[in-house]
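In this chain, numbering begins with 1 at the start of the sequence shown. Every value quoted in this text rests on a predicted model; they were computed, and no experiment measured them.
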Amino acid sequence: MKIRRCFCGLTAGILAALCVAGCAAKAGSGSETVQESAAVLTESTAETEVAEESSSLQKETVQETTAAESGSAQSDGAESDVDRYEEIIDFAGDEGKLVVYFLDLQVEGAAEEVSGDSTLLISPDGKVMLLDAGHTDSSDIVVKILKDMGIEKIDYLVASHPHIDHIGGVPAVMAEFPVGISYRSYVEYTTQTYQNYVDALKEGGMEIISLKTGDTFSFGDLVEVEVLGPDEEIVYPDGFPDNSTQFLNNNSLLLRFTYGESAALFGGDLYVAQERDYIDQYGDKLKADLAKANHHGKNTSNLKKWIRTVSPQVVVAMGDVMGSMDVYNNYVKEGSEFHLTLYDGIVKVVLDDQGGCEAVDQHDSWMN
């Protein structure tokens with residue numbers, strides 16, 4: 001049974017929790033922050049990333065509306081009883097279209113909120129790309145969906161950046177499917193998960209290509225992919241890999257897919273500072289019909305100016321928490337149709353070559 005961390009309908013629970021929290025705060029205020037800071041020095045924190053990201057999120061977004069505050073104002077059900085799984089994984093009638101699947105991933109236990117990203121793309125001429133493969137512990141979901149879809153080979157395997165919730169599932173996926181070409185950035189990491197990823201690529205025997213700003217490659221015969229960042233020369237911060245979450249996220253690949261008059265933009269886990277730099281560098285070139293919400297739709301990312309610049313028809317966030325209601329509202333105010341795998345399940349988006357962009361959700365939800 002899937003475990004989801006939903007915040008809807010928690011009004012009564014919050015009132016009870018406040019009493020407990022008030023007592024606990026007197027005894028241990030600030031202790032968790034100290035422990036998290038110390039834990040950054042260990043490889044387990046580098047692997048999980050969740051403690052560091054949670055701390056950063058709290059510091060950077062004090063004034064943001066939290067999901068817990070807004071959840072009680074939303075509908076009672078996070079997702080409906082409707083399940084279009086069989087319908088949604090069928091792409092037999094989508095020949096000549098660029099089809100994008102944002103996979104719905106969950107993992108149990110301590111890493112639950114970082115199940116991560118995995119996006120499957122089918123080119124108009126039937127080529128298959130897997131962009132990220134989720135957390136190690138959600139790899140079975142990725143494998144199952146690919147098998148259910150009848151995928152036999154991954155022509156292009158792309159890693160946006162080397163965090164566990166993006167590359168952790170690569171070895172398990174590669175154990176089940178042959179891979180044609182692997183793309184990655186020049187960023188390297190020091191965790192065991194990263195080493196497992198590198199070893200899997202080497203054992204796979206495929207061509208491994210590192211991407212940098214200005215590179216382009218073809219996804220099939222009809223889709224062009226342009227690399228907008230990062231650069232080849234990576235300047236690592238002092239003390240790396242300690243406190244490296246933001247650094248690695250800001251060095252996510254920024255990829256723009258072009259199919260005729262249509263475009264899709266994928267930026268991994270970019271933070272606000274890097275979004276600003278790309279806005280200054282590229283401006284309207286960032287505009288896209290489809291966009292993945294950076295960093296799972298959290299408010300460490302998705303700057304208002306970024307949202308206005310990209311101005312997508314459809315935006316999809318992948319994650320098992322509601323990152324930020326402000327991010328959701330800002331996209332909706334811009335006229336974007338916002339989807340989140342937490343509530344919507346697998347999100348399928350079909351793009352034609354004339355700027356048309358249509359999304360179908362596995363589940364019905366209050367979001368769209």
Spell out, yes or no, whether [X] and [Y] are grouped together once hydrophobic residues are joined by side-chain heavy atoms under 4.5 Å, including indirect joins.
X: V310; Y: V227; value: no
X: F257; Y: V316; value: yes
X: I122; Y: V223; value: no
X: F240; Y: V187; value: yes
X: M129; Y: L254; value: no

Using 30° and 60° as the class limits, which term best fits the ring planes of [X] and [Y]: parallel, tilted or perpendicular?
X: F217; Y: Y183; result: parallel
X: Y278; Y: W306; result: tilted
X: Y236; Y: F247; result: tilted

Quick one: are [X] and [Y] in side-chain contact, heavy atoms under 4.5 Å?
X: M318; Y: V347; result: no
X: V128; Y: K153; result: no
X: I279; Y: L286; result: yes
X: Y186; Y: E233; result: no
X: I151; Y: F91; result: yes
X: H296; Y: V321; result: no
X: M149; Y: L120; result: yes
X: K97; Y: E358; result: no

Here's a test for you: under ring-ring contact (aromatic ring centres under 6.0 Å, His included), which of Y259, F266, Y156 qualifies with F219?
Y156
Can you tell me how far [atom2] of [Y] sits from [atom1] of [X], rounded to the nearest 0.5 angstrom?
X: T258; Y: D353; atom1: OG1; atom2: CG; value: 12.0 Å
X: N299; Y: N294; atom1: CG; atom2: CG; value: 12.5 Å
X: K285; Y: L265; atom1: NZ; atom2: CG; value: 11.0 Å
X: D364; Y: D83; atom1: CG; atom2: CG; value: 10.5 Å
X: H135; Y: L105; atom1: NE2; atom2: CG; value: 11.0 Å
X: N250; Y: H161; atom1: CG; atom2: NE2; value: 10.0 Å

K348 and its salt bridge (charged side-chain N to carboxylate O under 4.0 Å, His left out) partner, picked from D94, D104, D361
D94
Check: [X] side chain, [Y] main-chain N or O, donor-acceptor pair, under 3.5 Å:
X: S185; Y: L253; value: no
X: N302; Y: K298; value: yes
X: Y343; Y: M322; value: no
X: T216; Y: V225; value: no

Closest non-hydrogen atom pair between [X] and [Y], with its separation:
X: A133; Y: V173; value: CB-CG2, 4.2 Å
X: T213; Y: Q281; value: CG2-NE2, 4.3 Å
X: Q106; Y: I141; value: O-CD1, 3.4 Å
X: C357; Y: L290; value: SG-CB, 4.1 Å
X: I307; Y: V327; value: CD1-O, 4.4 Å
X: G356; Y: S262; value: N-OG, 3.8 Å

Stepwise, does the side chain to side chain contact (heavy atoms under 4.5 Å, CB included) test hold for H166 with D269?
CA-CA 10 Å; H166 292 257; D269 283 353; 3.0 Å; yes
CD/E224: more than 12 non-hydrogen atoms of other groups inside 6.0 Å
yes
Taking atom CG of D280 as the centre, report whether more than 12 heavy atoms of other residues, nucleotides or ligands fall under 6.0 Å from it.
yes
Begin from the C-alpha positions of K287 and D284 and carry the test salt bridge (charged side-chain N to carboxylate O under 4.0 Å, His left out) through to its verdict.
CA-CA 5 Å; K287 183 171 175 54; D284 289 343; over 6 Å; no
Side chain to side chain contact (heavy atoms under 4.5 Å, CB included) for V315 and E334? Distances and angles first, verdict last.
CA-CA 11 Å; V315 60; E334 186 58 36; over 6 Å; no
Decide if the gap between the ring center of Y271 and the ring center of H295 is smaller than 6.0 angstrom.
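Under 6.0 Å, so yes.
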Criterion side chain to side chain donor-acceptor pair (under 3.5 Å) on S123 and D125, from CA distance to verdict
CA-CA 5 Å; S123 73; D125 50 353; 2.5 Å; yes
Could you walk me through whether M174 and L157 pass side chain to side chain contact (heavy atoms under 4.5 Å, CB included), step by step?
CA-CA 9 Å; M174 290 190 61; L157 176 65; 4.0 Å; yes
Derivation of the side chain to side chain contact (heavy atoms under 4.5 Å, CB included) call for M367 and S365
CA-CA 5 Å; M367 302 208 74; S365 80; 3.5 Å; yes
